[in-house]
Every structure is written in C-alpha cells, then in structure tokens.
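Just so it is clear, the model here is predicted, and its values are computed rather than measured. Numbering of ligands and ligand atoms starts at 1, following listing order.
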Amino acid sequence: MPDAKPGEFDLIRQHFTRPTRHTLLGVGDDAALLQPSAGQVLAVSTDMLVAGRHFLPDTDPGRLGHKAMAVNLSDLAAMGARPRWATLAIALPEPDPAWLAAFADGFHAEAQQYGVDWVGGDTTAGPLNLSVTILGEVAAAAALRRSGARPGDQLWVSGTLGEAACGLACLQGQLDLPAPARTHCIARLEQPTPRVALGLQLAGLASAAIDISDGLLADLGHLAQASGVAAVVQHAALPTLAALAERRATPLVDDALLAGGDDYELCFTAPAAAAQAILAAGIAAAVTVTCIGTIRAGSGVTVVAADGTVRPARRRGFDHFDGATCP
Ligand code: ADP
Ligand code: MG
C-alpha cells in the first residue's frame, strides 16, 4: 500500500513544532501563553507573503523561510523592539515533505538567530501563502514611531540601497552584473538581513524610523507624512554598492536606489546633536549608517542632485493596488 499523505497534524508535529526558550506554552494547545517582561509593552506586526506577488513560486524553500521571518523581524527593528515570539499561518497547495522541511528549517533558523520562539500558527490547504505575526518588547517611551521627525533633524539610512531590486532585475534578465555582485544582490533579495541590533541601539535615540520594504522614496514619504514634515534627500549621499555605483547612470539602477523594494534597511531621523551617538549605534550594531539628508518644515520628499538642482522622481516605489505586478 502506498504511504498515506501526511495530514495537517503530522505536518504540524514534524515541521512546525520546535523547542522554545522563553515561552510558557507553545505549539499544541488552543493558544500559546506568553509572559512579557516587566515594564515593556508588546510590539506586534503581521506580514503576508503571496506566491507570484512577493516571491517567485520556484524560490528556494529554505531562503523563503528565512525571508518570511526576516521581513517580520525588520518591522520590529523599525520600532526599536526586541523580537520575542512569532506565529506562522501557511496555506499550501500540496504538502511536499522536502519543501516543507527546508522551509521550516529556514524559518526556524532565522527565528533562533534573533531569539524568537515559534509558538503557533495555522496550517491549511490552498494557494501558497505565508502570513507571519511577530511579537516583540520595547519600553513604551523608547519605541521608534514614524511620527517623531522634526524640522532640523538629520535623515539617515542603514546599509546600502537598491541591491534587492537589482537582484530581482538580474533574475529577470534585465540587468547584467559581474558574478560576485549578482550573487550578492540576489542574496539581498532572497535572504535580507533585518537590522534588529541597530533598531535596539536607536530606540530612545532616533526621533522616527521606518524599514525600507517598498523603496526609499515611498517609505520615507510615509515617515514624512506621519511626522507632518518634508524630507530632503541628497542624491549623491545614497550609500551604494561599488558595482551599482558604477552603473548609477542606468535608469534601472538609479530607480533601484531610490525606489527599489525589499531592501529592509532602516530609514530614520535624529536631531543633529545626536549624530555622534548615531554613528556609535551603527558601530555597536555592526552596520554602516549614512546621513542622506535633512528634515524641514513642509511636506513631501525631494531629491537634490550634487549641483543643488531638484531631481524629478521617476518612480515612487511599490503599491500593491496601483496595477503593477511584482515580481
Ligand atoms: P485549532 O483548530 O484549535 O485552531 P490547530 O489544529 O489549527 O488548532 O493547531 C493546533 C496547534 O498547532 C496549535 O497550537 C497551533 O498554534 C499549532 N500550529 C498550527 N499550524 C502551525 C504552524 N504553521 N506553525 C506553528 N504552529 C502551528
Ligand atoms: Mg487553527
């Protein structure tokens, strides 16, 4: 007799039940029981990844598991919160044991790296769809909101920009990069590094923060709007991988820097007097931080060229309901 297909509960037991480190009750009951630390509030965020929209359906399952966790960690980083717990709701067309094992291992490894216990979820048949809810802790007064930027603040970003979008362009045959840069950019797309340590350093120090998931201009636009301020970006200051800097005259690469999605860097603001502390925060978190502009009174995001002229923006970033398709 052929082996019976694994059922929902076999899948949960085999792949989704992992040891926890700081959880009263994890997978297996009707709800998990979590004990927040004294004096902290919970930061809660959910991100959904849909096959064909957020990732290519043939994406390596281990990398996809990593990414599903990493994009959620990035949201907590942008709040200055310490990630603690996560749940995974997954719809699967066909339970392929090898795919599931690789996916669950990638998800769990990335969770463990940041001290996150995987405490529950839901499993169902359907078109491939992943929804992760992450919970973290932060002191209420130190949480990094989008709304705290003030005129006179400096504008900063972590890491380098545009690499994930260039990785996608490589995969789609629209961009040709030398092999090491190509590999690097595809890894940035498929295995983003959430800036959790930097977020923790910036808590109580930065005035506002957002993570760059939809492109610098779009996400900075959200921060500026929430704060009721204008943002001025110095185009020449944008931190750029050398192989991309050489191709900056290419519209595709320039668009990737300003508007490419999936970077998961932090964009944040702080009073000018905090600049030394921001640089020290970057060193402590082992990530470069670059001042890319300033906050002024007004509204909107302006990009200024090296000669001081305002650059017209070609693309603003990704909006799921603007008719564009991605990837
Ligand atoms: P219920 O029917 O009470 O909602 P389920 O049968 O959906 O419970 O789930 C049983 C247990 O397995 C629960 O503790 C739930 O959190 C856990 N679980 C289900 N799917 C997942 C998943 N994808 N990842 C982690 N835990 C899961
Ligand atoms: Mg359920």
Atom CG in Leu64, atom CD in Gln191: separation rounded to 0.5 Å?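 Between atom CG of Leu64 and atom CD of Gln191 there are 11.0 Å.
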As an exercise, identify every atom of ligand 1 less than 4.0 angstrom from a heavy atom of [X].
{"X": "Phe9", "answer": "6 (O)"}
{"X": "Ile90", "answer": "23 (N)"}
{"X": "Thr123", "answer": "19 (C), 20 (N), 21 (C), 22 (C), 23 (N)"}
{"X": "Glu8", "answer": "6 (O)"}
{"X": "Ile12", "answer": "12 (O), 18 (N), 19 (C), 20 (N)"}
{"X": "Gly120", "answer": "16 (O), 24 (N), 25 (C), 26 (N), 27 (C)"}

Taking the side chain as every heavy atom from C-beta outward, state whether Ile278 and Leu205 have any pair of such atoms under 4.5 Å apart.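 The answer is yes, as the side chains (C-beta and beyond) meet within the 4.5 Å cut-off.
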Min side-chain heavy-atom separation Phe55-Leu189 under 4.5 Å: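 Heavy-atom side-chain distance check fails, nothing below 4.5 Å.
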Could you tell me whether ligand 1 has any atom less than 4.0 Å away from a heavy atom of His15?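 Judged by the 4.0 Å heavy-atom criterion, His15 does not count as contacting ligand 1.
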Would you tell me which option among Asp122, Asp30, Asp29, Thr124 has the nearest heavy-atom contact to atom 7 (O) of ligand 1?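 The residue whose heavy atom sits nearest atom 7 (O) of ligand 1 is Asp122.
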Below 30° counts as parallel, above 60° as perpendicular, anything between as tilted: where do the rings of Trp118 and Phe16 land?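 It falls in the tilted class, 30° to 60°.
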Pair Asp105 + Arg18: basic N to acidic O under 4.0 Å: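 The answer is yes: the pair qualifies as a salt bridge.
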SB check Arg195 Glu265 (cutoff 4.0 Å):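 Answer for the salt bridge query: yes.
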Region of Val27 engaging ligand 1 - heavy atom pairs below 4.0 Å: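 Both backbone and side chain.
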Quick check: does Gly28 get an N/O under 3.5 Å from an N/O on ligand 1?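 Min N/O separation from ligand 1 is below 3.5 Å for Gly28.
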Should Gly26 be counted as touching ligand 1, given the test is an N or O pair under 3.5 Å?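 There is no such contact.
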Got a sec, which residues hit ring-ring contact (aromatic ring centres under 6.0 Å, His included) with Phe103, two or more places apart in sequence or on another chain?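 Partners of Phe103 under the ring-ring contact (aromatic ring centres under 6.0 Å, His included) test: Trp99.
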Backbone N/O of Gly121 and side chain of Thr87: donor-acceptor pair under 3.5 Å: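 A pair under 3.5 Å: no.
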